[in-house]
Chemist: 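Sharing a structure with you now.
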Amino acid sequence: MAEETYRASKSGIAKDIEIRMEEKWDDLQKEGVPDAVVGWLNMILNNEGDFCKSSHWEDLHLFLKDGSRLCKVANVLLASQNAPEIKFSRSEAPFVCMDNIGKFLKIAEEYGVKRSDLFQTSDLYEGLKAPTVNVITCLHALGLVSKSRNFEPEYMGRGGIAQRNERGFTDEEVRAQADSIIGLQHAGSYGCANQAGMRAPGTQRHIA
């Protein structure tokens with residue numbers, strides 16, 4: 001189970017957004033997206049005997065939270081391009097975890113993932129079901145890019161899924177979502193939250 005931390009309860013528009021994003025995770029689960037992503041990650045990390053035990057959002061959060069495994073995946077992708085690896089640390093310290101996640105997001109974009117498909121560090125680190133949609137969307141997009149580059153192991157997810165599940169948000173809802181995010185966030189570029197670059201989950205992070 002994801003670790004419990006105090007968070008102010010959401011209400012009104014922010015709560016409605018959270019509910020709809022949780023429903024979107026359920027939609028993606030039915031489409032098999034988390035299964036495809038976790039299966040791919042496990043194949044990449046198999047050489048180290050490291051694997052995520054299930055595609056449940058809480059297991060995915062715990063598996064990826066410190067960012068070190070994401071950096072390992074990034075390094076495997078970089079190695080396939082004969083590019084230098086990134087350095088990262090294994091630690092439970094929030095700053096280190098977020099730094100690792102930020103490094104992964106930078107490499108993901110350089111590899112070919114659209115910026116609109118990237119998640120923010122808080123989407124992963126805080127361990128909530130709704131924003132985990134953004135995490136799985138990013139990893140799905142990364143898998144599809146790797147597939148287009150003939151990377152092995154091949155990502156088995158398919159493009160074009162879940163489009164019918166997209167849900168739009170009004171400007172008011174976007175602002176409410178931005179205002180509702182609290183805690184472990186700081187200004188930055190890749191994946192670090194600030195309201196200037198913040199989107200309500202699901203508004204532009206579409207599964208291709």
Side-chain angles (χ1 to χ4, degrees), residues 1-8 10 18 21-22 24-26 28-29 33-78 85-109 111 113 117-143 155 157 177 180-194 198-199 201-202 205:
M1 299 291 288
E3 63 186 47
E4 295 184 1
T5 57
Y6 173 78
R7 299 181 181 91
K10 294 183 177 66
E18 183 177 54
M21 290 304 295
E22 289 179 349
K24 186 164 186 177
W25 173 273
D26 295 336
L28 295 177
Q29 190 83 57
V33 177
D35 287 338
V37 167
V38 169
W40 184 59
L41 295 179
N42 284 344
M43 285 191 291
I44 292 175
L45 297 171
N46 183 54
N47 289 338
E48 299 184 31
D50 205 1
F51 65 94
C52 185
K53 65 181 181 180
S54 85
S55 60
H56 190 278
W57 69 269
E58 287 180 300
D59 288 331
L60 188 66
H61 158 68
L62 291 174
F63 187 67
L64 299 177
K65 177 181 176 180
D66 72 2
S68 64
R69 293 182 175 96
L70 289 175
C71 288
K72 289 179 182 179
V73 170
N75 279 339
V76 174
L77 295 173
L78 288 170
E85 295 185 349
I86 55 174
K87 295 182 179 180
F88 62 93
S89 302
R90 188 79 182 264
S91 171
E92 294 183 359
F95 177 80
V96 175
C97 297
M98 291 186 175
D99 185 58
N100 288 342
I101 296 170
K103 288 177 179 178
F104 163 78
L105 291 169
K106 183 176 185 295
I107 294 302
E109 184 174 11
Y111 191 71
V113 175
D117 284 331
L118 299 177
F119 60 89
Q120 295 176 350
T121 54
S122 59
D123 289 338
L124 173 59
Y125 191 84
E126 291 191 351
L128 296 173
K129 182 179 181 181
T132 305
V133 169
N134 294 330
V135 178
I136 209 71
T137 297
C138 176
L139 293 173
H140 172 74
L142 180 64
Y155 177 60
Q177 177 67 2
S180 71
I181 298 176
I182 59 175
L184 301 164
Q185 300 182 354
H186 56 284
S189 53
Y190 292 93
C192 296
N194 57 61
M198 194 174 294
R199 309 178 190 91
R205 297 172 194 176

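Heavy-atom basis, side chains included; hydrogens, waters and symmetry copies ignored.
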Chemist: Determine whether the side chains of Ser55 and Asp35 contain a donor N or O and an acceptor N or O closer than 3.5 Å.
Modeler: yes

Chemist: Does any non-hydrogen side-chain atom of Leu105 lie less than 4.5 Å from one of Cys138?
Modeler: yes

Chemist: Restricting to non-hydrogen atoms, name the atom on Asp117 and the atom on Ala141 that form the minimum distance, rounded to 0.1 Å.
Modeler: OD2-CB, 3.9 Å

Chemist: Rounded to the nearest 0.5 Å, what separates atom OH in Tyr155 from atom CD1 in Ile44?
Modeler: 10.5 Å

Chemist: Can you tell me how far the CG atom of Leu64 sits from the CD1 atom of Ile101, to the nearest 0.5 Å?
Modeler: 8.5 Å

Chemist: Can you tell me how far CG of Asp99 sits from CZ of Phe88, rounded to the nearest 0.5 angstrom?
Modeler: 12.0 Å

Chemist: Between Leu45 and Arg69, does the side-chain contact (heavy atoms from CB on, under 4.5 Å) criterion hold? Intermediate values first, please.
Modeler: CA-CA 8 Å; Leu45 297 171; Arg69 293 182 175 96; 4.2 Å; yes

Chemist: Is the closest side-chain heavy-atom distance between Trp40 and Leu139 below 4.5 Å?
Modeler: no

Chemist: When you measure from the side chain of Ser54 to the backbone of His56, do you find a donor-acceptor pair of N or O atoms at a distance under 3.5 Å?
Modeler: yes

Chemist: Just so I know, are the side chains of Asp50 and Phe63 near enough to count as touching, which here means a heavy-atom distance under 4.5 Å?
Modeler: yes

Chemist: Say whether, by atom type as modelled, one donor and one acceptor occur between the side chain of Asn46 and the main chain of Phe51 under 3.5 angstrom.
Modeler: no

Chemist: So Pro94 and Tyr125, do their side chains get closer than 4.5 Å, heavy atoms only?
Modeler: yes

Chemist: Would a distance-only check, ignoring hydrogens and angles, find a side-chain to backbone donor-acceptor pair under 3.5 Å from Asp123 to Val135?
Modeler: no

Chemist: What pair of heavy atoms forms the shortest contact from Thr132 to Leu128, and how long is it?
Modeler: OG1-O, 2.6 Å

Chemist: Which atom names give the shortest non-hydrogen contact between Met21 and Ala130, and what distance separates them?
Modeler: CB-CB, 3.5 Å

Chemist: Using side-chain heavy atoms (C-beta onward) and a distance below 4.5 Å, is Gln120 in contact with Asn134?
Modeler: no

Chemist: Just how far is it from atom CD of Glu126 to atom NE2 of His61, taken to the nearest 0.5 Å?
Modeler: 9.5 Å

Chemist: From Ile107 CD1 over to Leu78 CG, what is the distance, rounded to the nearest 0.5 angstrom?
Modeler: 4.5 Å

Chemist: Side chains of Leu70 and Asn100: closer than 4.5 Å at any heavy-atom pair?
Modeler: no

Chemist: Any side-chain heavy atom of Leu142 sitting closer than 4.5 Å to one from Phe104?
Modeler: yes

Chemist: Measuring from atom CE of Met98 to atom NZ of Lys103, what distance do you get when rounded to the nearest 0.5 angstrom?
Modeler: 15.0 Å

Chemist: So do the side chains of Val38 and Asp59 get within less than 4.5 Å of each other, counting heavy atoms only?
Modeler: no

Chemist: Whether the side chain of Arg90 engages the backbone of Ser68 through a donor-acceptor N/O pair (distance < 3.5 Å, no angle test) should be reported.
Modeler: no

Chemist: Determine, step by step, whether Leu118 and Val113 satisfy the side-chain contact (heavy atoms from CB on, under 4.5 Å) criterion, reporting the C-alpha distance in whole Å, the side-chain angles of both residues, the deciding distance to 0.1 Å, and the verdict.
Modeler: CA-CA 7 Å; Leu118 299 177; Val113 175; 3.8 Å; yes

Chemist: What do the steps show when you test Lys53 against Leu62 for side-chain contact (heavy atoms from CB on, under 4.5 Å), and what is the final call?
Modeler: CA-CA 10 Å; Lys53 65 181 181 180; Leu62 291 174; over 6 Å; no

